[in-house]
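Just follow the structure's listing: the first ligand is 1, and inside any ligand the first atom is 1.
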Amino acid sequence: MYEIVSMKELAPRVKMVEVNAPEIAEKAQPGQFIVVRVDEKGERIPLTIADYDSASGNVVTVFQEVGVSTQKLGKMKPGESIKDFVGPLGIPSEMARFGRVTMVGGGVGVPPLYPQARALRKLGNKVVTIIGARTADLLVFREEMRSVSDELHVATDDGSMGFKGFVTDLLKLLIEKGPKPDRVIAVGPAIMMKAVSNVTRPFKIKTIVSLNSIMVDATGMCGACRVSVGGRTRFTCVHGPEFDGHQVDFEGLMARLRTYVEQEKSSLRRYEESQRGD
Ligand code: NAD
Ligand code: FES
């Protein structure tokens with residue numbers, strides 16, 4: 001069992017949970033994820049690590065309350081315990097002195113960029129960050145990203161903060177203005193990571209994306225997280241979660257992400273009815 005140290009609402013339906021898991025905090029590296037199972041009957045949910053601290057033994061992740069499991073997790077209180085908290089999983093982000101690195105985060109995809117930006121900056125990279133959300137209220141980890149970036153740019157779809165438009169519109173403007181980044185790293189909705197890859201392709205900028213595939217076992221056995229990369233089938237849980245964005249078949253990924261939408265909706269309906277006592 002893993003004790004919840006803190007639970008904080010960052011934005012409507014977006015929560016940050018800090019869990020005491022010393023063995024994960026000790027080994028975690030940027031880009032990795034954990035799999036959470038709230039209780040005995042819960043499904044396994046993969047969540048990207050947003051921070052870790054070996055001194056306190058705590059691991060932080062940010063999640064959106066979209067389904068039954070994330071709603072159950074969001075209702076938990078400090079002092080309560082999570083049944084399973086497994087990790088760190090996945091291949092860590094490649095760390096080197098690349099030069100100028102532009103990090104692009106959309107919505108709840110922003111927090112996983114924080115440990116990466118911090119580590120890349122420590123290595124001497126110039127870190128330029130672009131973060132975006134539909135509206136200012138949904139923008140999370142702005143101050144955290146500012147603290148580990150040489151430049152921070154903000155975009156909101158409705159213009160309520162910073163640049164009005166998608167992060168990809170801002171990315172294109174910044175690339176055209178120069179200097180050109182040596183590497184772009186993007187985390188967010190699949191459609192955003194596809195759009196980022198399309199922006200950088202003509203400029204031949206290496207682009208790394210972190211895929212949010214559906215996962216079941218997260219050990220490379222079930223195939224649920226499969227994705228086609230450069231024409232080869234790869235399993236996000238063991239070969240990723242990061243891949244070359246110019247090689248990813250995003251249409252296939254997005255089709256797979258839609259597979260259980262109806263089942264998830266009806267499961268959520270049943271859960272909400274049970275919570276209301278209908
Ligand atoms: P969202 O739909 O609110 O989008 C966030 C931002 O992404 C937008 O403000 C915009 O700037 C950009 N964006 C969205 N659609 C775009 C498009 N068509 N073209 C260009 N840019 C676009 O995001 P959300 O509701 O916070 O959802 C976050 C998503 O991130 C979820 O789907 C979740 O699965 C995913 N996620 C991924 C990871 C990962 O490791 N890959 C981690 C956390 C979350
Ligand atoms: Fe089963 Fe990746 S989640 S193979």
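- The side-chain tip of R201 does not point at the ring of F203 from less than 6.0 angstrom away and within 45° of straight on.
- For the pair R226 and F235, the cation does not sit on the ring face, since its NZ or CZ is not both under 6.0 Å from the ring centre and inside 45° of the axis.
- Shortest distance from atom 1 (Fe) of ligand 2 to D217 is reached at OD1 (N/O/S atoms only).
- Transitive grouping of hydrophobic side chains (ILVMFWY, heavy atoms separated by less than 4.5 Å) brings L139 and V14 into a common cluster.
- The shortest contact between atom 42 (C) of ligand 1 and any protein heavy atom is with T48 OG1, 3.5 Å.
- In this structure, M221 places its CE atom where only 12 or fewer heavy-atom neighbours from other residues, nucleotides or ligands lie under 6.0 Å away.
- Contact atoms of ligand 2 toward G220: 4 (S) (distance under 4.0 Å to a heavy atom of the residue).
- Taking every non-hydrogen atom of A218 and a distance limit under 4.0 Å, the qualifying atoms of ligand 2 come out as 1 (Fe), 3 (S).
- When hydrogens are left out, the protein atom nearest atom 18 (N) of ligand 1 is I191 CG1, 3.2 Å; that is the closest non-hydrogen contact.
- Using a 3.5 Å distance cut-off with no hydrogens or angles, the side chains of T219 and D217 do pair a donor with an acceptor.
- For the residue pair N20 and E3, no side-chain donor N or O sits within less than 3.5 Å of a side-chain acceptor on the partner.
- When hydrogens are left out, the protein atom nearest atom 41 (N) of ligand 1 is S210 O, 2.3 Å; that is the closest non-hydrogen contact.
- Looking at ligand 1, you won't find any N or O of F166 less than 3.5 Å from one of its N or O atoms.
- Under a 4.0 Å criterion applied to the non-hydrogen atoms of C237, ligand 2 contributes the atoms 2 (Fe), 3 (S), 4 (S).
- Close contacts of ligand 2 with V216, meaning ligand atoms under 4.0 Å from a residue heavy atom, involve 3 (S).
- Residue contacts with ligand 1: Q64 is included, with a non-hydrogen atom under 4.0 Å away.
- Under a 3.5 Å cut-off, the side chain of D249 and the backbone N or O of S228 do not form any donor-acceptor pair.
- Looking from atom 9 (O) of ligand 1 to the surrounding protein, the closest heavy atom is D157 OD1, 2.7 Å.
- Nearest protein heavy-atom contact of atom 13 (N) of ligand 1 is M192 CB, 3.7 Å.
- Counting heavy atoms closer than 4.0 Å to ligand 2, residue M221 contributes backbone atoms (N, CA, C, O) but none from C-beta onward.
- Heavy atoms of G188 approach ligand 1 to within less than 4.0 angstrom.
- Per-residue contacts place V187 under 4.0 angstrom from the following atoms of ligand 1 (heavy atoms of the residue considered): 38 (C), 39 (C), 40 (O), 41 (N), 42 (C).
- Atoms of ligand 2 found under 4.0 Å from any heavy atom of C225, numbered from 1 in the order shown, are 2 (Fe), 3 (S), 4 (S).
- Considering each of K194, R13, R134, the one bringing a non-hydrogen atom nearest atom 1 (P) of ligand 1 is R134.
- Counting backbone and side-chain atoms alike, C222 contributes no N/O/S atom closer than 2.8 Å to atom 2 (Fe) of ligand 2.
- At a heavy-atom distance under 4.0 Å, only side-chain atoms of T168, from C-beta outward, approach ligand 1.
- The N/O atoms of A133, backbone and side chain alike, include one that comes under 3.5 Å of an N/O atom in ligand 1.
- Counting atoms of ligand 1 from 1 in the listed order, those under 4.0 Å from a heavy atom of G106 are 5 (C), 6 (C), 7 (O).
- Ring planes of Y2 and F85: tilted class, angle from 30 to 60°.
- Here is the list of ligand 1 atoms found below 4.0 Å of a heavy atom in A195: 19 (N), 20 (C).
- Looking at V167 next to ligand 1, an N or O pair under 3.5 Å apart turns up.
- A side-chain hydrogen bond (donor to acceptor under 3.5 Å, both in side chains) with T200 is found for one member of T207, T102, T168 and no other, namely T207.
- At least one N or O atom of P189 sits closer than 3.5 Å to an N or O atom of ligand 1.
- Of all atoms in ligand 1, listed by their number and element, those nearer than 4.0 Å to a heavy atom of N212 are 32 (O), 33 (C), 34 (O), 35 (C), 37 (C), 41 (N).
- In this structure, K15 places its NZ atom where more than 12 heavy-atom neighbours from other residues, nucleotides or ligands lie under 6.0 Å away.
- The residues R146 and E151 are annotated as not salt-bridged, no charged nitrogen and carboxylate oxygen being separated by less than 4.0 angstrom.
- A donor-acceptor contact closer than 3.5 angstrom is absent between the side chains of Q116 and E94.
- No side-chain N or O of E65 forms a donor-acceptor pair with one of T70 less than 3.5 Å apart.
- Nearest protein heavy-atom contact of atom 5 (C) of ligand 1 is G107 N, 3.4 Å.
- For CD of E9, the number of neighbouring non-hydrogen atoms (other residues, nucleotides, ligands) closer than 6.0 Å is greater than 12.
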- Task: Take E43 and S69 through the side chain to side chain donor-acceptor pair (under 3.5 Å) test and state the conclusion after the steps.
- Result: CA-CA 7 Å; E43 59 175 346; S69 299; 2.9 Å; yes
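- Distance from atom 28 (C) of ligand 1 to its nearest protein heavy atom, with residue and atom name: V108 CG2, 3.4 Å.
- If you run salt bridge (Lys or Arg N to Asp or Glu O under 4.0 Å) between D39 and each of R44, K83, K72, only K72 comes through.
- Listed by atom number, the atoms of ligand 2 under 4.0 Å from G223 heavy atoms are 1 (Fe), 4 (S).
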